[in-house]
Amino acid sequence: VITRRGLLGAAALAVVARPGVARAAIASETGTIFELIRVEDAAGAAYDLAAKATGSPVLERIARLDERHGHALRVGLESLTIEPGHRGAHAEQGDPAALALAQAGSRREALAAAIALERKLLPVYVGAARSLVDAGLLQTVATIAGGHAQQLAALRNAAGRSPLDEPGVSAR
Amino acid sequence: VVNPTRRGLLGAGALGALALTGCGDRSASPPRGGDPAVLGTVLAVQRELAGAWERVDPAVAEKLHEHVAALQEAGAAPGRAAAADVQRAVARVRGSGDRAALLEAEKGAGAALLSALPQVRGASARELVMSLYAAGAQHASLLLIDLGRDPLPDAFAGTL
């Protein structure tokens with residue numbers, strides 16, 4: 001029977017046995033995933049605070065979705081036998097756009113700050129595709145990028161704007 | 001969209017780490033024809049969607065035409081076909097009342113792009129496919145809003 005613990009242990013042993021090869025490949029993407037966790041945690045914490053301050057259901061919903069995004073990214077790191085750690089207190093302070101959302105004084109201000117935050121997050125996720133190697137991680141990050149594109153549409157709709165504001169597409 | 005389970009992610013990652021240290025890398029095998037072939041399939045999907053959106057919302061169709069142009073500029077091979085489920089759903093889109101069928105086409109397209117993504121080797125091409133996937137997800141939300149449904153489906157529901 002193949003158990004989760006057995007697989008993780010075997011993978012860890014294999015990494016220890018061939019440290020140079022494994023470390024070089026994994027290091028190319030762990031930094032990217034840690035950075036995504038940082039911005040996701042900041043966004044999730046900011047949505048939490050803004051939802052409590054405004055009572056907005058859409059902000060509350062996105063707070064929960066961002067929490068799940070952070071969890072999915074942590075599971076991805078665990079799959080590489082790397083301990084990702086938990087979301088720290090006041091994570092919103094780690095990102096200026098998230099902090100602006102956390103400090104919004106009204107529902108209208110919060111929606112505008114949330115739209116600005118999502119517009120900043122999308123290119124970060126799309127750009128992460130350049131440094132990811134693992135197929136599973138790449139698909140997890142793409143799924144979360146799609147989620148943020150949808151959050152942007154829902155927020156624009158809640159603010160009375162056209163929902164369509166897709167990420168820039170180019171063959172750079 | 002994608003449904004990675006926690007167990008699947010852990011198992012795939014652990015097996016990937018084993019493979020990495022032993023004999024290979026953790027990325028998917030590239031198909032014959034390399035990036036131009038993968039991008040060619042993505043182009044076929046975007047072209048199918050553009051045709052369907054023309055009949056529902058020309059402003060979105062215009063975005064899809066931009067996607068096609070970006071793929072051509074990136075070297076996508078011509079003459080590839082979109083997945084059969086995407087073609088079937090697109091064939092059911094005859095006018096602005098067929099948003100549910102178009103949503104099915106967008107879901108099929110999303111699955112096709114997600115599966116193509118790890119097969120792409122070039123960093124710029126990979127970024128392009130990622131941005132097209134995100135744009136498609138947003139188009140799906142647009143349709144969900146029009147259909148009076150929840151525009152924020154949880155892609156990880158029941159998997160983590």
Side-chain angles (χ1 to χ4, degrees), chain A residues 2 4 7-8 10-12 14-15 17-18 21-22 25-26 61-62 65 68-69 71-72 75-76 78-81 122 125-154 157 163-172, chain B residues 1-2 4 6-18 20-22 25-28 59-60 63 66-67 70-75 110 113-115 117-118 123-142 144-145 151-156 159-160:
Chain A
I2 298 172
R4 172 175 177 258
L7 273 171
L8 289 172
V15 168
R18 294 279 304 277
V21 178
I26 292 174
R61 182 78 193 286
I62 294 175
L65 289 170
R68 291 175 74 76
H69 294 165
H71 185 48
V75 171
E78 276 185 31
S79 78
L80 301 177
T81 70
L122 254 177
Y125 272 93
V126 169
R130 300 181 84 87
S131 57
L132 296 177
V133 177
D134 183 274
L137 276 181
L138 196 53
Q139 290 176 321
T140 297
V141 168
T143 302
I144 297 173
H148 281 291
Q150 295 188 317
Q151 288 170 196
L152 179 55
N157 189 53
L164 189 63
D165 186 11
E166 68 174 48
V169 167
S170 79
R172 289 188 282 130
Chain B
V1 191
V2 71
R6 180 185 173 82
R7 185 171 296 176
L9 280 168
L10 287 168
L15 286 172
L18 282 167
L20 178 70
T21 55
D25 61 36
R26 294 165 296 134
S27 50
V60 181
K63 296 281 184 190
E66 289 172 16
H67 298 178
L71 285 160
Q72 285 170 332
E73 194 186 332
L113 264 61
L114 209 52
S115 136
L117 189 56
S124 296
R126 208 171 251 206
E127 189 175 352
L128 174 59
V129 175
M130 179 86 88
S131 63
L132 297 177
Y133 176 80
Q138 190 172 88
H139 297 168
S141 276
L142 186 63
L144 287 165
I145 290 168
L152 291 174
D154 180 0
F156 295 103
T159 63
L160 290 171

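Residue numbers begin at 1 in each chain, while the letters A, B, ... track the order of the sequences.
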When you measure from the side chain of Gln150(A) to the backbone of Leu152(B), do you find a donor-acceptor pair of N or O atoms at a distance under 3.5 Å? no

Nearest heavy-atom contact between Pro151(B) and Ala154(A) is CG-CB, 4.1 Å

Nearest atoms (heavy-atom pairs only) where Gln139(A) meets Leu114(B): NE2-O, 2.8 Å

Chain A contact via Leu117(B) - which portion, at a heavy-atom distance below 4.5 Å: both

Between Leu142(B) and Pro163(A) the two heavy atoms that sit nearest each other are CD1-CG, 3.6 Å

Has Glu127(B) got a side-chain atom pairing as donor or acceptor with Arg130(A)'s backbone, closer than 3.5 angstrom? no

Does any N or O in the side chain of Gln138(B) come within less than 3.5 Å of the main-chain N or O of Asp165(A), such that one atom is a donor and the other an acceptor? yes

Contact part of Arg68(A) toward chain B, heavy-atom cut-off under 4.5 Å: side chain, backbone, both or neither? both

Exercise: identify the closest heavy-atom pair between Ser131(B) and Val126(A): CB-CG1, 3.8 Å

If you round to the nearest 0.5 Å, how far is CG of Leu138(A) from CZ of Arg126(B)? 5.0 Å

Apply side chain to side chain contact (heavy atoms under 4.5 Å, CB included) to the pair Phe156(B) and Leu65(A), showing each step before the final yes or no. CA-CA 9 Å; Phe156(B) 295 103; Leu65(A) 289 170; over 6 Å; no

